[in-house]
Number of protein chains: 2
Amino acid sequence: MQVPEQWELGILRKYNREQARDIINELLVEIFNKILAIEGQNLKDKGIKLSMNEVHVLEAISLTDERTMSNVSKRLGITIGSLTTSINTLYQKGYVSRERDLEDRRKVVVGLLPKAEAVLEEHDAFHEEMIDSIFEEMELDKDELLIESLEKLSSYFKK
Amino acid sequence: MQVPEQWELGILRKYNREQARDIINELLVEIFNKILAIEGQNLKDKGIKLSMNEVHVLEAISLTDERTMSNVSKRLGITIGSLTTSINTLYQKGYVSRERDLEDRRKVVVGLLPKAEAVLEEHDAFHEEMIDSIFEEMELDKDELLIESLEKLSSYFKK
DNA sequence: TAAAATAACTTTGAAATTCAAACTATTTGA
DNA sequence: TCAAATAGTTTGAATTTCAAAGTTATTTTA
């Protein structure tokens, strides 16, 4: 016997594919802007005179193993030229070091100065706090399945 | 008795709070930049001469009920002044309309012209495709609990 | 090994994006 | 009515971005 499609959907599944899609869409796109805004406000409150963009450059440097201009720009998804201007001002403001690689003198290796490390610590602490408060509100840490799925989602975008 | 490490991982492995935090952090921050880049590339491929930013302005307009400068800028999280310049170029390029509200002549009401609707349709279709391909890869649509959790996560950031 | 190609980066020129603060026009409230 | 509040625009300045051209160093190839 054939069961009407609506039945199956109604009884067996609360969320349909379209709803799920909307939620993920929203999460991935709209929410992010809010986080950026909150982070920016946090920097201001702490008296840090850097844009979120500049903080992300510092973050990218800290997460990159071989810290050449190419590698960092690749991680950020911007051209090397764009990164050059960014590094110019960060160097000027005393956040990063910058020197030629002695092995391959075409390369420029950037590094984080103490001032930058301090900013990144602030930034990390803020992120941890934010996510912890999400956990608390949602009791997420009990939710094995969610974490597992998020990990899959995360790895999907890495490829 | 000591249990081999693999066993524990295989049978008992739980995500701890720190791991979960890292994954969510990554998802919310690093992944988003990749999506933006993919979307931008898609626009280019389709021959659409707009920046992702401009597309987001159009999107914000379409999602706003009373389409005044204030309301749209609030949704975007930028100042009205910033929106003014954005609307200037979009108006110039023929994507949006712009007229004073007759009821309250301080207000400016913006609207989407056919050219903008076409771009948004492209953009929506692309998003749906992207998320559908995530679903397929992950068999996410079977995962009721995930969707529920994501919804909670989403609503957390709305407040 | 000398010339050509490639790689890594900077510079230049131009356009977007953003904000704060000053300014204009309109409406509201006392 | 007139001061205050609201809604936008303009201005001036800084950031951010890219493409394309230029520089220097290294590698490949003929």
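Order of the sequence lines fixes the chain letters, A, B, ..., with proteins taken first and strands second; residue numbering starts at 1 for each chain.
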Under 3.5 Å, sequence neighbours excluded: what are the donor-acceptor pairs made by side chains of residues 97-104 of chain B?
residue, atom, partner, partner atom, Å
Ser97(B), OG, Gly111(B), N, 3.3
Arg98(B), NH1, Asn88(B), OD1, 3.0
Arg98(B), NH2, Asn88(B), OD1, 3.0
Arg100(B), NH1, Arg105(B), O, 3.0
Arg100(B), NH1, Arg106(B), O, 2.8
Asp101(B), OD1, Glu103(B), N, 2.8
Asp104(B), OD1, Arg106(B), N, 3.1
Asp104(B), OD1, Arg106(B), NE, 3.1
Asp104(B), OD2, Arg106(B), NH2, 2.9

For a side chain to side chain contact (heavy atoms under 4.5 Å, CB included) check, start with the C-alpha distance between Phe126(B) and Ile38(B), then their side-chain angles and the critical distance, and finish with the verdict.
CA-CA 10 Å; Phe126(B) 174 74; Ile38(B) 295 169; 3.4 Å; yes
Does a nitrogen or oxygen in the side chain of Lys93(A) sit under 4.0 Å from OP1 or OP2 of dT15(D)?
yes
Examine dC18(D): is either OP1 or OP2 under 4.0 Å from a nitrogen or oxygen in the side chain of Thr79(A)? Give yes or no.
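Affirmative; the distance criterion is met.
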Taking the side chain as everything from C-beta on, heavy atoms only, tell me whether [X] gets closer than 4.5 Å to [Y].
X	Y	result
Leu112(B)	Ser62(B)	yes
Lys46(B)	Asn42(B)	yes
Tyr91(B)	Val110(B)	no
Lys93(B)	Lys49(B)	no
Met52(B)	His123(B)	yes
Tyr95(A)	Leu50(A)	yes

Any chance you could measure Glu122(A), atom CD, to Asp45(A), atom CG, to the nearest 0.5 Å?
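Reported value, rounded in 0.5 Å steps: 10.5 Å.
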What closest approach, in Å, do Leu113(A) and Gly94(A) show between heavy atoms, and which atom pair accounts for it?
CD1-O, 3.6 Å
Return the minimal non-hydrogen interatomic distance between Ser86(B) and Val57(B), and the atom names on each side.
OG-CG2, 3.6 Å
Sugar-phosphate only, base, or nothing, as touched by [X] at under 4.0 Å among non-hydrogen atoms:
X	answer
Ser82(A)	base
Lys49(A)	nothing
Ile78(A)	sugar-phosphate

What residues in [range] put a non-hydrogen atom under 4.0 Å from any atom of DNA chain C?
range	value
residues 61-74 of chain A	Thr68(A), Met69(A), Ser70(A)
residues 83-92 of chain B	Thr85(B)
residues 103-113 of chain B	Glu103(B), Asp104(B), Arg105(B), Arg106(B)

DNA chain C: Lys44(A) or Arg98(A), which has the more 5' nearest nucleotide?
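Comparing both residues, the 5'-ward one is Arg98(A).
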Whole angstroms only, please: what is the [atom1]-[atom2] distance between [X] and [N]?
X	N	atom1	atom2	result
Leu76(A)	dT15(D)	CG	P	17 Å
Glu54(A)	dA14(D)	CD	P	13 Å
His56(A)	dT17(D)	NE2	P	11 Å
Asn53(A)	dT15(D)	CG	P	12 Å

Which nucleotide span of DNA chain C, 5' end to 3' end, has atoms closer than 4.0 Å to non-hydrogen atoms of chain A?
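For DNA chain C, the relevant span reads dA7(C) to dA20(C).
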Has the side chain of Glu121(B) got a donor or acceptor atom that lies under 3.5 Å from a matching backbone atom of Ala118(B)?
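Pair absent, no side-chain N/O of Glu121(B) close to backbone of Ala118(B).
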Cluster link Ile61(B) to Val109(B), ILVMFWY, side chain under 4.5 Å:
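Result: no, two separate clusters.
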Between Met52(A) and Arg100(A), the residue closer to the 5' end of DNA chain D by nearest nucleotide is Met52(A)
N/O donor to acceptor pairs below 3.5 angstrom from side-chain atoms of residues 71-81 of chain A, sequence neighbours left out:
residue, atom, partner, partner atom, Å
Asn71(A), ND2, Glu66(A), O, 2.8
Asn71(A), ND2, Thr68(A), OG1, 3.3
Ser73(A), OG, Met69(A), O, 3.3
Ser73(A), OG, Ser70(A), O, 2.9
Arg75(A), NE, Thr64(A), OG1, 3.2
Arg75(A), NH2, Leu63(A), O, 3.1
Thr79(A), OG1, Ser82(A), N, 3.2
Thr79(A), OG1, Ser82(A), OG, 3.0

